[in-house]
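Please read the structure below before turning to the comments.
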2 protein chains.
Amino acid sequence: MNIGTAAEQANLPPKTIRYYEEIGLLSPGRAENGYRDYSDKDVHRLRFLQRSRSLGFTIDECRLLLSLYDDKNRASADVKAVALEKVAEIDRKIAELQSLRDTLATLAKHCHGDGRPDCPIIDDLAGEHA
Amino acid sequence: MNIGTAAEQANLPPKTIRYYEEIGLLSPGRAENGYRDYSDKDVHRLRFLQRSRSLGFTIDECRLLLSLYDDKNRASADVKAVALEKVAEIDRKIAELQSLRDTLATLAKHCHGDGRPDCPIIDDLAGEHA
DNA sequence: CTTGACCTTCCAGTTACTGGAAGCCCTATC
DNA sequence: GATAGGGCTTCCAGTAACTGGAAGGTCAAG
């Protein structure tokens with residue numbers, strides 16, 4: 001099938017699919033006219049990528065997951081380890097954002113937010129309390 | 001003062017400071033030998049940037065904040081609006097990450113995580129439930 | 001036969017820096 | 001005076017993961 005159809009089925013833009021091929025994540029065949037020709041297996045792989053990416057795995061992590069996916073004898077523990085490490089990483093990111101959020105919200109709360117020029121947010125950013 | 005000293009005082013790497021200059025966030029003078037020459041005001045500006053960036057504002061948002069900072073007559077409401085929009089954006093990001101986290105954690109929980117090859121995580125990524 | 005959709009490749013741009021090379025400048029030491 | 005070092009300069013390239021656009025080939029429909 002052509003790239004457009006594969007794109008539809010995998011829920012990925014054609015551009016992204018070509019990019020994935022360029023960086024070696026899959027290698028579809030070619031039709032006589034030079035068009036890429038995707039098998040069901042290729043589409044499967046693309047869907048796998050789509051889902052992993054949307055779950056926040058980086059391309060390199062997807063590469064690892066794909067190799068586990070390809071290895072029919074890999075231990076499920078290996079996959080679980082990758083997933084759990086990702087969970088921990090997301091937790092760290094959430095905590096960091098939470099702290100940013102709190103700082104910003106506090107600053108905004110202390111700003112009277114009217115037409116006057118003085119503003120605790122700007123003062124803080126400028127370090128005028130230091 | 002030279003870029004190294006300014007870097008130290010603003011807690012930013014020299015490379016980053018040159019980059020900020022390149023994209024027009026500040027324009028220090030030059031000494032006779034061609035070296036950049038930073039005033040206290042420049043350092044102030046750099047600290048402002050350092051703090052805003054660390055609070056998660058993009059460069060373009062920093063540009064806006066700087067223009068508000070430079071405008072001694074701006075209304076504090078304008079600044080507050082930027083800050084609150086940022087808080088909302090961070091909230092959205094946190095919610096998204098939370099949802100990713102939960103999905104991944106659920107997948108990991110259902111994976112027995114032993115030496116056997118079958119693994120619900122991979123199955124889910126491959127879309128084998130669909 | 002032409003139009004339009006779809007495909008191809010290649011180049012450039014995005015965000016916010018970061019690393020590295022080649023080459024001045026300045027100070028200190030031998 | 002030569003040299004070693006550290007800091008400074010510029011410019012080029014690379015990062016992550018695409019995305020947009022140009023120039024041109026292919027195909028099915030009307």
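In this text, all values refer to a predicted model and were calculated from it rather than measured experimentally. Per chain, numbering begins at 1; letters A, B, ... match sequence-line order.
Atom-to-atom, CD of Glu61(A) to P of dA16(D) comes out at 12 Å; the value is rounded to the nearest Å. In this structure, NZ of Lys15(B) is placed 11 Å from P of dT10(D), rounded to the nearest angstrom. Here dC18(D) presents its P atom at 15 Å from CD of Glu21(A), a figure rounded to the nearest Å. The distance between atom CD of Glu22(A) and atom C1' of dA17(D), rounded to the nearest whole Å, is 11 Å. Rounded to whole Å, atom C1' of dA28(D) lies 12 Å from atom CG of Asn2(A). The interatomic distance linking Arg30(B) (CZ) with dC8(D) (P) rounds to 12 Å, in whole Å. Across the protein-nucleic acid pair, Glu32(B) atom CD and dC8(D) atom C1' stand 16 Å apart, rounded to whole Å.
Ranking dT26(D), dG7(D), dT9(D) by closeness to the Arg36(B) side chain, first place goes to dT9(D).
With a cutoff of under 4.0 Å to any heavy atom of chain A, the contacted region of DNA chain C is bounded 5' to 3' by dC6(C) to dC10(C).
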*Step by step, would you call Glu96(B) with Lys93(B) a salt bridge (Lys or Arg N to Asp or Glu O under 4.0 Å)?*
CA-CA 5 Å; Glu96(B) 193 182 332; Lys93(B) 217 173 272 180; over 6 Å; no
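Residue Asn33(B) places no side-chain N or O under 4.0 Å from the OP1 or OP2 atom of dC8(D). A close approach under 4.0 Å does not occur between any side-chain nitrogen or oxygen of Arg18(B) and OP1 or OP2 of dC8(D). The side chain of Thr16(A) contributes an N or O atom lying less than 4.0 Å from OP1 or OP2 of dT19(D). Between Tyr20(A) and dC18(D) there is a side-chain polar atom (N or O) within less than 4.0 angstrom of OP1 or OP2.
Heavy-atom nearest nucleotides on DNA chain C were determined for Gly4(A) and for Ile59(B), and the one closer to the 5' end corresponds to Gly4(A). When the nearest nucleotides of DNA chain D are assigned to Gly34(B) and Thr58(A) by heavy-atom distance, the more 5′-ward of the two goes with Gly34(B).
Within the 4.0 angstrom heavy-atom criterion, only backbone atoms of the sugar-phosphate kind lie near Ile3(B); the bases stay farther away. Backbone-only engagement by Pro13(A) is indicated by non-hydrogen atom pairs under 4.0 Å involving sugar-phosphate atoms exclusively.
The environment of Asp70(B) atom CG is dense: over 12 non-hydrogen atoms of other residues, nucleotides or ligands sit within 6.0 angstrom.
Between the side chain of His112(A) and the main chain of Ala77(B), no donor-acceptor pair closer than 3.5 Å is present. Arg45(A) contributes a side-chain N or O that, together with a main-chain N or O of Leu25(A), makes up a donor-acceptor pair within less than 3.5 Å.
Residues Ser39(B) and Asp42(B) have side chains that bring a donor and an acceptor to within less than 3.5 angstrom of each other.
Between Arg92(B) and Glu85(B) there is a salt bridge, since at least one side-chain N of the basic residue sits less than 4.0 Å from a carboxylate O of the acidic one. Electrostatic pairing of Glu21(B) and Arg18(B) does not count as a salt bridge here, judged by no charged N lying under 4.0 Å from a carboxylate O.
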